[in-house]
Amino acid sequence: MASDVDDCLFCKIVRGEIPAAIVYQDDYVIAFDDITPQAPVHTLIIPRTHYADMNDDIPAESLAALYSAVPRVAQVKGIAESGYRTIVNTGPDANQTVLHLHVHVIGGRSLAHGMVIFGGE
Ligand code: 5GP
Ligand code: ZN
């Protein structure tokens, strides 16, 4: 029976089975551009290890590795000085669509002051 990891889109990117525009990588994380960017810069950072979301009992060192990559990605993408927003969607109310933990790094233009836009229903 196929496991979550076999079927997971982002695990397939980690294994090199589907292509991605890689921005940064180290022993713990891979960062690649979002396929449907919502800003001039929209990069995703994922742990190489599969965790479904923030509720998935993630070891502190894995979270440290994930967030340590944020300023590195910002530097590579040229938005360290201009600024950026980091977002982690978790679960249905946040509209998480890919169940492999990921940090969105979004920037390259001025973003709205408010962070929360309510959806339908
Ligand atoms: P979520 O909604 O789960 O927080 O974010 C998932 C993100 O993954 C979305 O912004 C979506 O555009 C992106 N995404 C979905 N499939 C792919 C893919 O195959 N390649 C890349 N690079 N991004 C993807
Ligand atoms: Zn995965």
Side-chain angles (χ1 to χ4, degrees):
M1 199 171 80
S3 70
D4 288 353
V5 171
D6 289 331
D7 288 342
C8 172
L9 179 64
F10 287 175
C11 283
K12 288 180 182 171
I13 289 178
V14 172
R15 293 195 296 265
E17 292 169 12
I18 60 170
I22 306 238
V23 168
Y24 169 83
Q25 55 186 317
D26 61 30
D27 288 347
Y28 307 101
V29 307
I30 299 182
F32 51 89
D33 288 330
D34 197 291
I35 205 165
T36 313
Q38 297 188 31
V41 173
H42 187 170
T43 299
L44 305 173
I45 309 173
I46 67 170
R48 288 181 182 273
T49 302
H50 179 91
Y51 303 105
D53 60 30
M54 282 297 277
N55 294 330
D56 205 6
D57 288 328
I58 308 154
E61 11 351 327
S62 298
L63 287 174
L66 194 62
Y67 278 91
S68 293
V70 169
R72 295 179 183 143
V73 166
Q75 199 73 47
V76 172
K77 299 301 287 187
I79 57 169
E81 302 304 323
S82 52
Y84 51 89
R85 185 169 290 161
T86 52
I87 297 171
V88 180
N89 291 320
T90 304
D93 271 358
N95 274 293
Q96 183 183 3
T97 58
V98 178
L99 296 181
H100 180 128
L101 177 67
H102 51 281
V103 178
H104 297 256
V105 180
I106 295 168
R109 58 165 288 185
S110 180
L111 302 169
H113 183 64
M115 285 178 285
V116 178
I117 302 170
F118 295 115
E121 296 107 61

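Numbering of ligands and ligand atoms starts at 1, following listing order.
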| request: Decide whether Val23 and Ile79 are clustered together by the hydrophobic rule: side chain heavy atoms of Ile, Leu, Val, Met, Phe, Trp, Tyr closer than 4.5 Å, transitively. | output: yes

| query | Same cluster or not: are Ile58 and Tyr67 linked, directly or through other Ile, Leu, Val, Met, Phe, Trp or Tyr residues, by side-chain heavy atoms under 4.5 angstrom apart? | reply | yes

| said: For Glu17, is the CD atom crowded, meaning more than 12 foreign heavy atoms sit under 6.0 Å from it? | reply: yes

| message | When you group the ILVMFWY residues by side-chain heavy-atom contacts below 4.5 Å and let the links chain together, are Leu99 and Leu9 in the same group? | response | no

| message | Looking at Gln96 and Gly91, would you say the former's side chain and the latter's main chain have a donor-acceptor pair under 3.5 Å? | response | yes

| task | Enumerate the residue pairs fulfilling salt bridge (charged side-chain N to carboxylate O under 4.0 Å, His left out) with a member in residues 31-45, sequence neighbours excluded, ordered by first and then second residue. | result | Asp33-Lys77

| Should Tyr24 and Val105 be counted in the same cluster of Ile, Leu, Val, Met, Phe, Trp and Tyr side chains packed under 4.5 Å apart? | yes

| said: Closer than 2.8 Å to the Zn ion (ligand 2): how many protein N, O or S atoms are there? | reply: 4

| query | Taking only residues at least two apart or on different chains, which pairs with a member in residues 37-56 satisfy salt bridge (charged side-chain N to carboxylate O under 4.0 Å, His left out)? | reply | none

| When you look for protein heavy atoms under 4.0 Å from ligand 1, which residues do they belong to? | Leu9, Phe10, Phe32, Asp33, Asp34, Ile35, Thr36, Leu44, Asn89, Asn95, Gln96, Thr97, Val98, His102, His104

| said: Between His104 and His102 (judged by ring centroids, cut-off 6.0 Å), do the two rings come close enough to count as a pair? | reply: yes

